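In this text, all values refer to a predicted model and were calculated from it rather than measured experimentally.
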Amino acid sequence: QVQLVESGGGPVQPGGSLRLSCAASGDTLEDYAVGWFRQAPGKAREVVSCISRTDGGRSYADSVKGRFTISKDNAKNTATLQMNNLKPEDTAIYYCATVRGTSRGGNFYLCEARGNDWGQGTQVTVSS
């Protein structure tokens, strides 16, 4: 079973950028679709972005489209989330997880976490 560890969070000013990493161990990430999720204080965890196992199909929450980019490097066994033009409402703990869904035409539909075993995540705080 693959284990995932998030890193790369921190404080950043509005308009700034961060690059989150999700490092996999115990199995090869090539065998999994991966998603990024976030949870802000007092709110439910929400899906941010997902990428398919091999064909690069992607999905993004409407709130991050055009600002965030998800990628997966199977050779390095990592997934990343490049976050640009960050806004205060992006403040949350960010988690990565293996996901299920349907990849078609470059898009990834119906993305949901495969399990309920979440890591510690990485805190992103956007504030001036």
Side-chain angles (χ1 to χ4, degrees):
Q1 184 175 351
V2 66
Q3 289 83 46
L4 303 176
V5 177
E6 307 90 346
S7 63
V12 63
Q13 292 187 342
S17 298
L18 283 174
R19 186 176 180 88
L20 304 185
S21 292
C22 174
S25 62
D27 202 348
T28 174
L29 209 54
E30 185 176 14
D31 293 335
Y32 299 90
V34 177
W36 284 95
F37 300 76
R38 67 186 181 186
Q39 187 167 21
K43 295 187 176 181
R45 185 177 286 120
E46 63 176 354
V47 62
V48 175
S49 181
C50 298
I51 187 168
S52 66
R53 188 171 63 89
T54 57
D55 67 3
R58 292 168 170 83
S59 65
Y60 296 95
D62 287 343
S63 59
V64 307
K65 280 181 181 177
R67 300 188 297 121
F68 290 12
T69 303
I70 190 171
S71 60
K72 187 158 74 83
D73 188 332
N74 292 328
K76 295 183 178 179
N77 227 22
T78 60
T80 60
L81 185 69
Q82 177 67 42
M83 307 188 297
N84 298 327
N85 190 22
L86 282 159
K87 303 177 180 181
E89 51 263 42
D90 296 318
T91 295
I93 300 174
Y94 284 71
Y95 305 87
C96 62
T98 58
V99 299
R100 61 170 65 92
T102 300
S103 183
R104 185 171 63 247
N107 297 308
F108 194 80
Y109 301 96
L110 303 175
C111 177
E112 60 179 8
R114 295 178 64 90
N116 198 34
D117 186 14
W118 300 93
Q120 290 190 335
T122 185
Q123 175 72 48
V124 172
T125 303
V126 186
S127 173
S128 56

Residues forming a salt bridge (Lys or Arg N to Asp or Glu O under 4.0 Å) with Lys65, sequence neighbours excluded: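 Per chain and number, Lys65 pairs via salt bridge (Lys or Arg N to Asp or Glu O under 4.0 Å) with Asp62.
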Let me check something: do [X] and [Y] share a hydrophobic cluster, defined by ILVMFWY side-chain heavy atoms less than 4.5 Å apart, either directly or through other members?
X      : Y     : answer
Tyr32  : Ile70 : yes
Val126 : Val48 : yes
Met83  : Trp36 : yes
Ile51  : Val99 : no

Search all heavy atoms of [X] against all heavy atoms of [Y] and return the closest pair with its distance.
X      : Y     : value
Glu30  : Arg53 : O-CG, 2.8 Å
Ala92  : Ala40 : CB-N, 3.8 Å
Ala113 : Phe37 : N-CZ, 3.8 Å

Kindly list each side-chain donor-acceptor pair under 3.5 angstrom involving residues 2-22, sequence neighbours excluded, with atom names and distances?
residue: Gln3; atom: NE2; partner: Gln1; partner atom: O; Å: 2.7
residue: Glu6; atom: OE1; partner: Gly121; partner atom: N; Å: 3.1
residue: Glu6; atom: OE2; partner: Cys96; partner atom: N; Å: 3.0
residue: Ser17; atom: OG; partner: Asn84; partner atom: OD1; Å: 2.9
residue: Arg19; atom: NH1; partner: Gln82; partner atom: OE1; Å: 3.1

Tyr95: partners by ring-ring contact (aromatic ring centres under 6.0 Å, His included), with sequence neighbours left out: Trp118
Please report the interatomic distance [atom1]([X]) to [atom2]([Y]), rounded to the nearest 0.5 Å.
X     : Y     : atom1 : atom2 : value
Asp27 : Asn77 : CG    : CG    : 8.0 Å
Arg38 : Ile93 : CZ    : CD1   : 13.0 Å
Lys76 : Leu29 : NZ    : CG    : 13.5 Å

I'd like to check the side chain to side chain donor-acceptor pair (under 3.5 Å) partners of [X]; sequence neighbours left out, ordered by chain and number.
X      : answer
Ser49  : none
Ser71  : Thr80
Thr125 : Gln123
Thr78  : none

Salt bridge (charged side-chain N to carboxylate O under 4.0 Å, His left out) partners of residues 112-128, not counting sequence neighbours, each pair once: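 As it turns out, the salt bridge (charged side-chain N to carboxylate O under 4.0 Å, His left out) pairs with a partner in residues 112-128, which skip direct neighbours, are Arg100-Glu112.
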Inter- and intrachain pairs under ring pair (Phe, Tyr, Trp, His ring centres under 6.0 Å), touching residues 57-94, at least two apart: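 Those involving residues 57-94 do not exist here.
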Summary of disulfide (SG to SG under 2.5 Å) pairs that have at least one residue in residues 32-80, sequence neighbours excluded: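 Applying disulfide (SG to SG under 2.5 Å) to every pair that reaches into residues 32-80, excluding sequence neighbours, yields Cys50-Cys111.
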Side chain to side chain contact (heavy atoms under 4.5 Å, CB included) partners for Arg67, two or more places apart: Val64, Asn85, Lys87, Asp90
